[in-house]
Amino acid sequence: MLIGFVQTYTAPLLKRHGFKKKDLTWNRSKDGLIQVINFQPSRFSRDDEISFTINLGEFNPFIWRNCWAKESPKFIREEDCFPRIRIGQLLSSTPGEAVDQWWTCHESTNGEVLGSEINKVLEEKCLKFLDDMLNCEQVARFYSSHFNHLMPIEKIYLAITKSCLGDIHSSHDLLDEVGTISVAWANRVEQVRSQLRSENGHISQRGNGG
């Protein structure tokens, strides 16, 4: 039901804006990044009634490469992004507030009315947010003002972002914090440090004409 709703009422809008889909996830390339919109059905949905929300993400190949030391996936999932948020955070009157926004679609739902509501949210909130996150300065500013608690992988992604901005002290502090969680995280942190040293070396060589 959700796939049919999205295909009928929101796909035309997203296609006009240059997005391509795989199942319920949409990708668009812009300024070297990949913008991601994902429609997530509730696990409590039924065959005749589906609740869903919208997840957003920005995929930066630089962050991915320095964290995982491998090439970017061919199609980007929202969970591979940084930043990544749920639409409720954009609709909330309190920045960064942990709220959820769900819509319900069933057989008696007026698809045109609901579709119009979703498209308005997509254009006025989702696309604006994604375009606001097109560089590292904006991402770092967003996380410093919107989030008090980050997951370990988000701290690593933010550390890489800080390193990209030249804020090496903050980058080291974040990596040090994650490295104390467990041996597995400590190993990941060391791999990231190695990648960043290599990346910074390449940047330095290019800057010196190497």
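Counting from 1, the numbers follow the sequence of the chain as shown. The structure presented is a predicted model; accordingly, all values stated were derived computationally and were not measured.
Proximity of Lys20 to Arg28: side-chain heavy atoms (C-beta onward) are nowhere separated by under 4.5 Å. Under the 4.5 Å side-chain criterion, counting only non-hydrogen atoms from C-beta, Lys22 is not in contact with Arg77. Between Gln40 and Phe52 there is no side-chain heavy-atom pair separated by less than 4.5 Å. Looking at Ile85 and Asn55, their side chains never come closer than 4.5 Å, going by heavy atoms from C-beta outward. Between Ser194 and Arg197 there is a side-chain heavy-atom pair separated by less than 4.5 Å. The shortest distance between side-chain heavy atoms of Thr104 and Glu49 falls below 4.5 Å. Within the 4.5 Å cutoff, the side chain of Ile37 has no heavy atoms near those of the Thr25 side chain. Counting heavy atoms from C-beta outward, Cys105 and Leu2 have side chains that stay 4.5 Å or more apart.
Separation of the Phe59 and Trp64 ring centroids falls under the 6.0 Å cut-off.
No continuous path of ILVMFWY side-chain contacts below 4.5 Å connects Phe39 to Phe75, so the two sit in separate hydrophobic clusters. Linking Ile, Leu, Val, Met, Phe, Trp and Tyr residues whenever their side-chain heavy atoms come within less than 4.5 Å places Ile118 and Phe129 in a single cluster. Ile50 is connected to Leu114 through a chain of hydrophobic side-chain contacts under 4.5 Å among Ile, Leu, Val, Met, Phe, Trp and Tyr, so both are in one cluster. Hydrophobic clustering (side-chain heavy atoms under 4.5 Å, transitive across Ile, Leu, Val, Met, Phe, Trp, Tyr) keeps Leu174 apart from Leu165.
Rounding to the nearest 0.5 Å places SG of Cys67 at 11.5 Å from CZ of Phe62. Annotation: the span from Asn66 atom CG to Cys164 atom SG amounts to 9.0 Å, rounded to 0.5 Å. In this structure, Glu58 CD and Ile63 CD1 are separated by 9.5 Å, a value rounded to the nearest 0.5 Å. Put simply, CG on Asp173 and CD1 on Ile168 are 11.5 Å apart, with the number rounded to the nearest 0.5 Å. The distance from the CZ atom of Arg84 to the CD atom of Gln89 is 10.0 Å, given to the nearest 0.5 Å. Rounding to the nearest 0.5 Å places CE of Met133 at 8.5 Å from NZ of Lys128.
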Checklist entry - Where do Val113 and Tyr9 land on the side-chain contact (heavy atoms from CB on, under 4.5 Å) test, with the steps shown first? => result CA-CA 10 Å; Val113 171; Tyr9 297 105; over 6 Å; no

Item to check | Worked verdict on Val36 versus Phe19 for side-chain contact (heavy atoms from CB on, under 4.5 Å) | outcome: CA-CA 9 Å; Val36 179; Phe19 283 87; over 6 Å; no

Item to check | His17 vs Leu13, side-chain contact (heavy atoms from CB on, under 4.5 Å): CA-CA, chis, key distance, verdict | outcome: CA-CA 7 Å; His17 284 280; Leu13 171 72; 3.7 Å; yes

Next on the checklist: Would Glu177 and Lys155 count as a salt bridge (Lys or Arg N to Asp or Glu O under 4.0 Å) here? Give the steps.
Outcome noted: CA-CA 9 Å; Glu177 184 179 345; Lys155 290 180 181 179; 2.5 Å; yes

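No donor-acceptor pair closer than 3.5 Å links the side chain of Thr109 to the backbone N or O of Gly111. A donor-acceptor contact shorter than 3.5 Å is absent between the side chain of Ser42 and the backbone of Ser51. For Asn38 (side chain) and Glu78 (main-chain N/O), no donor-acceptor pair under 3.5 Å exists by modelled atom type. Judged purely by atom type and a 3.5 angstrom limit, Glu124 has no side-chain atom pairing as donor or acceptor with the backbone of Val121. Arg86 contributes no side-chain N or O that, together with a main-chain N or O of Ile54, makes up a donor-acceptor pair within less than 3.5 Å. Using a distance-only test at 3.5 Å, with no hydrogens or angles considered, a donor-acceptor pair links the side chain of Thr8 to the main chain of Gly4. Between the side chain of Ser144 and the backbone N or O of Arg141 there is at least one donor-acceptor pair closer than 3.5 Å.
Asn119 and Thr10 are not linked by any side-chain donor-acceptor pair at a separation below 3.5 angstrom, with hydrogens and angles left out of the test. Between the side chains of Glu117 and Trp103, at least one donor-acceptor pair of N or O atoms lies under 3.5 Å. Asp131 and Gln35 form a side-chain donor-acceptor contact under 3.5 Å, judged by distance and modelled atom types alone.
Annotation for Gly57 and Leu130: closest pair O-CD2, 3.3 Å, computed over non-hydrogen atoms. In terms of heavy atoms, Asn60 sits closest to Cys136 at ND2-SG, 4.3 Å. Taking each heavy atom of Gln101 and Leu91 in turn, the nearest pair found is CG-CD1, 3.6 Å. Contact between Leu33 and Leu134 at its shortest, heavy atoms only, is CD1-O, 3.6 Å. For the residue pair Pro41 and Trp102, the shortest heavy atom distance occurs at C-CZ3, 4.1 Å. Nearest heavy-atom pair, Ile87 versus Cys126, reported as atom, atom and distance to 0.1 Å: CD1-SG, 3.6 Å.
With sequence neighbours excluded, the residues that form a side chain to side chain donor-acceptor pair (under 3.5 Å) with Ser170 are Asp167. Looking at residues two or more places apart in sequence or on another chain, you find a side chain to side chain donor-acceptor pair (under 3.5 Å) between Gln138 and Asn135.
Within the structure, every pair that satisfies the ring-ring contact (aromatic ring centres under 6.0 Å, His included) test and touches residues 151-178, not counting sequence neighbours, is listed here: Phe82-Tyr157.
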